[in-house]
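Every value quoted in this text rests on a predicted model; they were computed, and no experiment measured them. Numbering of residues begins at 1 and proceeds along the displayed sequence.
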Amino acid sequence: MSTSSMAPPPPQPANAVNTNKAHLDPLPPSVFTLPQTAQLEALYTIIRDKDTPRGDFLFYSDRIIRLLVEEGLNHLPVVKKTIQTPTGSSYEGVGFQGKICGVSILRAGEAMEAGLREVCRSVRIGKILIQRDEETAQPKLFYSKFPPDIKDRYVLLLDPMLATGGSAIKAVEVLMEHGVPEERIIFVNLIASPEGLKTFTGKFPLLKVITGWIDEGLNEKAFIIPGLGDFGERRYCV
């Protein structure tokens, strides 16, 4: 048989190996990742590519954010609820227990607000700005604004990247200072480093983390590798 008549190779199946666990095994019990399907890996490949146009970066990162928010909502407590359908039948379902709100870590975390609003109608959004203190090199709170009843809500803390974990740890400390119990906080992010996850979950074992992908680690400059670069720069700079 000539090579010209040979059938093309079949498509490659989705990876059977959980790359997340390859980089952090075992996963801390409070860490939950998105199912690593071929579609998800394709989305991450697009947003990681340095040559991806900004418009495509926005579109495909928004798709991942939507998946992450949906997964985050799966971890909220529910209570049994009985309703009547239009056919006159009763249905034994569930309803969310308690109110929720989102809190974005500025500025990159703001990119995740739209995904939350798409699935949670009229959701309240808080904001928090944390930057490194030039003198101490430690994360420092510069600004925060929360719903007045935040201590009574479940909080989805939003930040795309978890590198060293310093900013996220400071954000949780600020939330807890405002009366939010640790177990009512769900941290949602796109890419995490194993080092950051170990530090973060070691300090807050009752807090749940929803991440899309766990990367290889941090380089000497504390950048996530392979990562995707500066999320905020790629998101907001034309």
Side-chain angles (χ1 to χ4, degrees), residues 14-15 18-20 23 31-76 96 99-130 145-147 153-163 165 167-168 171 185-193 196-197 200 208-216 223-238:
N15 290 338
N18 186 329
T19 305
N20 288 324
H23 294 148
V31 174
F32 302 87
T33 63
L34 295 178
Q36 292 195 298
T37 63
Q39 177 185 192
L40 185 68
E41 188 166 6
L43 296 177
Y44 271 93
T45 301
I46 293 171
I47 68 172
R48 290 183 191 273
D49 190 341
K50 67 181 180 63
D51 295 323
T52 294
R54 178 173 176 269
D56 287 347
F57 183 85
L58 295 174
F59 180 82
Y60 291 106
S61 61
D62 281 346
R63 282 188 61 185
I64 299 173
I65 289 168
R66 175 73 177 265
L67 293 173
L68 287 165
V69 170
E70 295 278 12
E71 179 61 24
L73 296 178
N74 283 335
H75 294 267
L76 294 172
F96 287 121
K99 299 180 291 184
I100 71 168
C101 74
V103 172
S104 59
I105 301 178
L106 302 174
R107 75 173 171 166
E110 285 185 304
M112 305 178 72
E113 292 178 10
L116 179 58
R117 287 193 174 100
E118 286 174 0
V119 296
C120 296
R121 188 176 183 181
S122 303
V123 66
R124 301 290 300 274
I125 301 287
K127 298 179 186 292
I128 188 168
L129 175 61
I130 296 169
K145 185 176 182 180
F146 305 131
R153 295 176 180 264
Y154 290 88
V155 177
L156 271 66
L157 182 63
L158 311 173
D159 197 13
M161 311 294 285
L162 178 68
S167 294
I185 303 172
I186 300 175
F187 180 52
V188 183
N189 91 302
L190 272 79
I191 295 177
S193 74
L197 278 175
F200 186 74
K208 291 183 179 180
V209 179
I210 311 298
T211 189
W213 213 274
I214 301 173
D215 272 10
E216 295 173 13
F223 294 157
I224 300 176
I225 299 300
L228 52 75
D230 188 310
F231 187 93
E233 290 294 325
R234 296 188 66 184
R235 180 93 188 182
Y236 296 112
C237 294
V238 179

Arg66 side chain to Leu116 backbone, donor-acceptor under 3.5 Å: no
Check: Ser167 side chain, Ile130 main-chain N or O, donor-acceptor pair, under 3.5 Å: no
Distance, nearest 0.5 Å, that separates CZ of Arg234 from OG1 of Thr52: 6.0 Å
Heavy-atom side-chain proximity of Ile210 to Phe187 below 4.5 angstrom: no
Residues which pass side-chain contact (heavy atoms from CB on, under 4.5 Å) with Ala192, listed by chain and number, not counting sequence neighbours: Leu162, Asn189, Leu197, Thr211
Separation between CE of Met112 and CD1 of Ile125, rounded to the nearest 0.5 Å: 11.0 Å
Between Glu113 and Ser104, a side-chain donor and acceptor under 3.5 Å: yes
Exam field: side chain Tyr154 to backbone Ile186, donor-acceptor pair closer than 3.5 Å: no
Inter-residue atom distance Thr37.OG1 - Leu67.CG, 0.5 Å rounding: 8.0 Å
Qualifying residues under side-chain contact (heavy atoms from CB on, under 4.5 Å), relative to Arg48, sequence neighbours excluded: Tyr44, Ile191, Trp213, Asp215, Pro226, Leu228
Gly102 to Val123 - nearest heavy-atom pair and separation: N-CG2, 4.3 Å
Identified side chain to side chain contact (heavy atoms under 4.5 Å, CB included) partner of Val188 from the options Asp159, Leu158, Leu157, Ile65: Leu158
Atom pair CZ/CD1 of Arg153 and Ile100 - distance to nearest 0.5 Å: 8.5 Å
The single option from Ile47, Leu43, Ile46, Asp56 passing side chain to side chain contact (heavy atoms under 4.5 Å, CB included) against Ser61: Ile47
Arg124 vs Lys99, side-chain contact (heavy atoms from CB on, under 4.5 Å): CA-CA, chis, key distance, verdict: CA-CA 9 Å; Arg124 301 290 300 274; Lys99 299 180 291 184; over 6 Å; no
CZ-CG distance between Arg63 and Leu68, expressed to the nearest 0.5 angstrom: 12.5 Å
Arg54 and Glu233 ion-paired at < 4.0 Å: no
Phe32 side chain reached by His75 side chain, heavy atoms, under 4.5 Å: yes
Stepwise side-chain contact (heavy atoms from CB on, under 4.5 Å) check, Ile128 with Leu106: CA-CA 6 Å; Ile128 188 168; Leu106 302 174; over 6 Å; no
Under 3.5 Å donor-acceptor, Arg235 side chain and Ala108 backbone: no
Aromatic ring proximity Phe57/Phe231, centre distance under 6.0 Å: yes
Straight-line distance of Leu156 CG to Leu73 CG, nearest 0.5 Å: 6.0 Å
